[in-house]
There are 2 protein chains.
Amino acid sequence: MERDHAGASELRRSDLARRTGCNLETIRYYESVGLMPDPPRSASGHRRYGPAHVERLNFVMRGRELGFTMEEIRGLLSLVDRGSHTCAEVEELGRHHLEVVQAKIRHLQAIEAVLSETISRCTGGSAPDCPLLDVLTDRPAVS
Amino acid sequence: MERDHAGASELRRSDLARRTGCNLETIRYYESVGLMPDPPRSASGHRRYGPAHVERLNFVMRGRELGFTMEEIRGLLSLVDRGSHTCAEVEELGRHHLEVVQAKIRHLQAIEAVLSETISRCTGGSAPDCPLLDVLTDRPAVS
DNA sequence: GTAGGGTCTGTAGCAACTACAGGATCAAGG
DNA sequence: CCTTGATCCTGTAGTTGCTACAGACCCTAC
């Protein structure tokens, strides 16, 4: 006879981790900050997860993969949890995040332009003169 | 007569901050982690900065603007401080950093592609159906 | 019954700052 | 000379998104 077993889909924490690919400690972290609900516990205090937890963790993980902050995911989840969300509301969160992503890309591209241009002027030799150091020290390039 | 004044270019912390555009607290932080040297102090313990500090802080700040980590900047500084650096050494640090930046750009662009494609399919209406939520829940798009 | 895993909690660490609190000190005006 | 307000000092805690312990408990299989 099995004790402490409320159904075929009761997962331990390591099962949930394996199934979702999420780090074990990260699951606890998501619970501690309220992204994941506190799961029911066995008599001895061990967490027991059901299919709803798997779904929710997948949601959170996909959100993170798309670069949403935990705050944004919280917003998305609360829309969904409310049960009366609209596409327009979700889209707005998405569009805002998209703009942030695009701004980051532009920022990195600006850095990339300076870096690659500067490095392309490096001789790579054993002399101390270096265009990259010139940029960092703001010494104007020798014209 | 001026007391506590060892030259025309002795700066207080707020002067250094203003002159470089660096946050006041950040200067202390850089000192605490060794990116900036501990400056000499006045009799009462107030920091006094000279031109060398301005130069070094500018170096650090330009490095940060180019996205170098503090560890990388530490590396660059130790090359320069050693006094016998070569362009090849500096270039290698720069090239490595460039690759990191390019990888970040690619990562963000992949995110951007998914996000903008998904959001473009949003109707923005008051219905709960939403392509972005579909992606997050991994519900396959209705074909 | 015991060995080995897994689980529990709390805490500290990472990067790179930023922001206080609570006190000392300085510079200028009266 | 004294007050006032700005600036300085230190130490500590907060931020984001985890990750990694330590030390105790528990659970399962042999």
Side-chain angles (χ1 to χ4, degrees), chain A residues 1-5 10-36 38-49 53 57 59-75 77 97 100-101 104 107 111, chain B residues 1-6 10-36 38-49 53 57 60-75 77 97 100-101 104 107 111:
Chain A
M1 266 295 203
E2 288 151 321
R3 272 158 306 166
D4 195 3
H5 187 98
E10 293 289 297
L11 302 171
R12 288 170 300 164
R13 194 148 67 111
S14 59
D15 295 327
L16 181 60
R18 209 170 12 255
R19 191 165 293 201
T20 58
C22 186
N23 183 308
L24 227 113
E25 304 273 33
T26 305
I27 296 170
R28 187 160 70 103
Y29 171 66
Y30 286 157
E31 287 163 9
S32 77
V33 298
L35 272 192
M36 292 286 290
D38 280 343
R41 304 292 186 112
S42 74
S44 60
H46 288 202
R47 293 165 175 84
R48 296 296 163 192
Y49 298 98
H53 294 99
L57 183 51
F59 187 103
V60 172
M61 289 178 74
R62 290 211 191 80
R64 293 293 300 128
E65 278 162 22
L66 289 177
F68 284 98
T69 64
M70 293 193 354
E71 216 39 59
E72 288 169 325
I73 292 173
R74 211 188 295 280
L77 283 170
H97 176 54
V100 171
V101 169
K104 280 185 187 169
H107 181 218
I111 288 175
Chain B
M1 265 292 201
E2 290 150 321
R3 273 158 305 164
D4 195 2
H5 187 100
E10 292 289 297
L11 302 171
R12 288 170 302 161
R13 195 147 66 109
S14 59
D15 295 327
L16 181 59
R18 210 172 7 258
R19 190 164 294 204
T20 58
C22 186
N23 183 309
L24 225 112
E25 305 273 31
T26 304
I27 295 170
R28 188 161 69 104
Y29 171 66
Y30 286 156
E31 287 163 9
S32 77
V33 298
L35 273 192
M36 291 286 291
D38 280 343
R41 306 291 186 112
S42 74
S44 60
H46 288 201
R47 293 165 175 83
R48 296 295 164 194
Y49 298 99
H53 295 100
L57 184 49
V60 172
M61 290 179 73
R62 291 212 189 80
R64 293 292 302 128
E65 278 161 24
L66 289 178
F68 284 97
T69 64
M70 293 190 356
E71 216 38 59
E72 288 169 325
I73 292 172
R74 211 188 296 280
L77 283 170
H97 176 54
V100 171
V101 169
K104 280 185 187 169
H107 181 219
I111 288 174

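The chains referred to below are lettered A, B, ... by the order of the sequence lines, with proteins before strands, and numbering in each begins at 1.
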Distance check needed: [N] [atom2] versus [X] [atom1], whole Å only.
{"X": "A:Arg64", "N": "D:dG17", "atom1": "CZ", "atom2": "P", "value": "5 Å"}
{"X": "B:Ile73", "N": "C:dA15", "atom1": "CD1", "atom2": "P", "value": "13 Å"}
{"X": "B:Lys104", "N": "C:dA15", "atom1": "NZ", "atom2": "P", "value": "13 Å"}
{"X": "A:Leu66", "N": "D:dG17", "atom1": "CG", "atom2": "P", "value": "14 Å"}
{"X": "B:Arg74", "N": "C:dA15", "atom1": "CZ", "atom2": "C1'", "value": "11 Å"}
{"X": "B:Glu31", "N": "D:dT10", "atom1": "CD", "atom2": "C1'", "value": "13 Å"}
{"X": "B:Ile27", "N": "D:dT10", "atom1": "CD1", "atom2": "P", "value": "14 Å"}
{"X": "A:Leu57", "N": "D:dC18", "atom1": "CG", "atom2": "C1'", "value": "14 Å"}

Go through the structure and list residues passing side-chain hydrogen bond (donor to acceptor under 3.5 Å, both in side chains) with A:Arg13, not counting sequence neighbours.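 With neighbours one apart ignored, the set is empty.
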
side-chain hydrogen bond (donor to acceptor under 3.5 Å, both in side chains) involving A:Arg28 - partner list, sequence neighbours excluded: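 None.
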
Just so I know, are the side chains of [X] and [Y] near enough to count as touching, which here means a heavy-atom distance under 4.5 Å?
{"X": "B:Pro39", "Y": "B:His53", "answer": "yes"}
{"X": "B:Ser14", "Y": "B:Leu24", "answer": "yes"}
{"X": "B:Arg12", "Y": "B:Arg48", "answer": "yes"}

How sharply is the helix from C:dG1-D:dC30 to C:dG30-D:dC1 bent, taking the axes over five pairs at either end and rounding to 10 degrees?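 Here the helix ends are tilted 30° relative to one another.
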
With a 3.5 Å cut-off and sequence neighbours excluded, list the donor-acceptor pairs that the side chains of residues 61-71 of chain B form with protein atoms.
from: B:Arg62; atom 1: NH1; to: A:Leu136; atom 2: O; distance (Å): 3.0
from: B:Arg62; atom 1: NH2; to: A:Asp138; atom 2: OD2; distance (Å): 3.2
from: B:Arg64; atom 1: NH1; to: B:Phe68; atom 2: O; distance (Å): 2.5
from: B:Thr69; atom 1: OG1; to: B:Glu71; atom 2: N; distance (Å): 3.4
from: B:Thr69; atom 1: OG1; to: B:Glu72; atom 2: N; distance (Å): 3.0
from: B:Thr69; atom 1: OG1; to: B:Glu72; atom 2: OE1; distance (Å): 3.4
from: B:Glu71; atom 1: OE1; to: B:Arg74; atom 2: NE; distance (Å): 3.4
from: B:Glu71; atom 1: OE2; to: B:Arg74; atom 2: NE; distance (Å): 3.3

Nearest non-hydrogen partners of B:Leu16 and B:Thr20, listed with the distance: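 Answer, listing the atom of B:Leu16 first, then B:Thr20: O-OG1, 2.7 Å.
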
Every protein N/O within reach of nucleotides 5-9 of chain C N/O, cut-off under 3.5 Å:
from: C:dT7; atom 1: OP1; to: A:Ser14; atom 2: N; distance (Å): 3.3
from: C:dT7; atom 1: OP1; to: A:Ser14; atom 2: OG; distance (Å): 2.9
from: C:dT7; atom 1: OP2; to: A:Ser14; atom 2: OG; distance (Å): 3.3
from: C:dC8; atom 1: OP1; to: A:Arg47; atom 2: N; distance (Å): 2.6
from: C:dC8; atom 1: OP1; to: A:Arg47; atom 2: NH1; distance (Å): 3.0
from: C:dC8; atom 1: OP2; to: A:Arg13; atom 2: NE; distance (Å): 2.7
from: C:dC8; atom 1: OP2; to: A:Arg13; atom 2: NH2; distance (Å): 3.3
from: C:dC8; atom 1: OP2; to: A:Arg47; atom 2: NH1; distance (Å): 3.0
from: C:dC8; atom 1: O5'; to: A:Arg47; atom 2: NH1; distance (Å): 3.3
from: C:dT9; atom 1: OP1; to: A:Arg41; atom 2: NH1; distance (Å): 3.2
from: C:dT9; atom 1: OP1; to: A:Arg41; atom 2: NH2; distance (Å): 3.4
from: C:dT9; atom 1: OP2; to: A:Arg47; atom 2: NH1; distance (Å): 3.1
from: C:dT9; atom 1: OP2; to: A:Arg47; atom 2: NH2; distance (Å): 2.9

Could you tell me which residues satisfy salt bridge (Lys or Arg N to Asp or Glu O under 4.0 Å) with B:Glu31, sequence neighbours excluded, listed by chain and number?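 B:Glu31 satisfies salt bridge (Lys or Arg N to Asp or Glu O under 4.0 Å) with B:Arg47 only.
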
When rounded to the nearest 0.5 angstrom, what distance separates OH in A:Tyr49 from CD1 in A:Ile27?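 The CD1 atom of A:Ile27 is 5.5 Å from OH of A:Tyr49, to the nearest 0.5 Å.
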
Looking at B:Tyr30, I'd like to know whether one of its side-chain N or O atoms comes within less than 4.0 Å of OP1 or OP2 on C:dC17.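 For C:dC17, OP1/OP2 do have a side-chain N/O of B:Tyr30 under 4.0 Å.
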
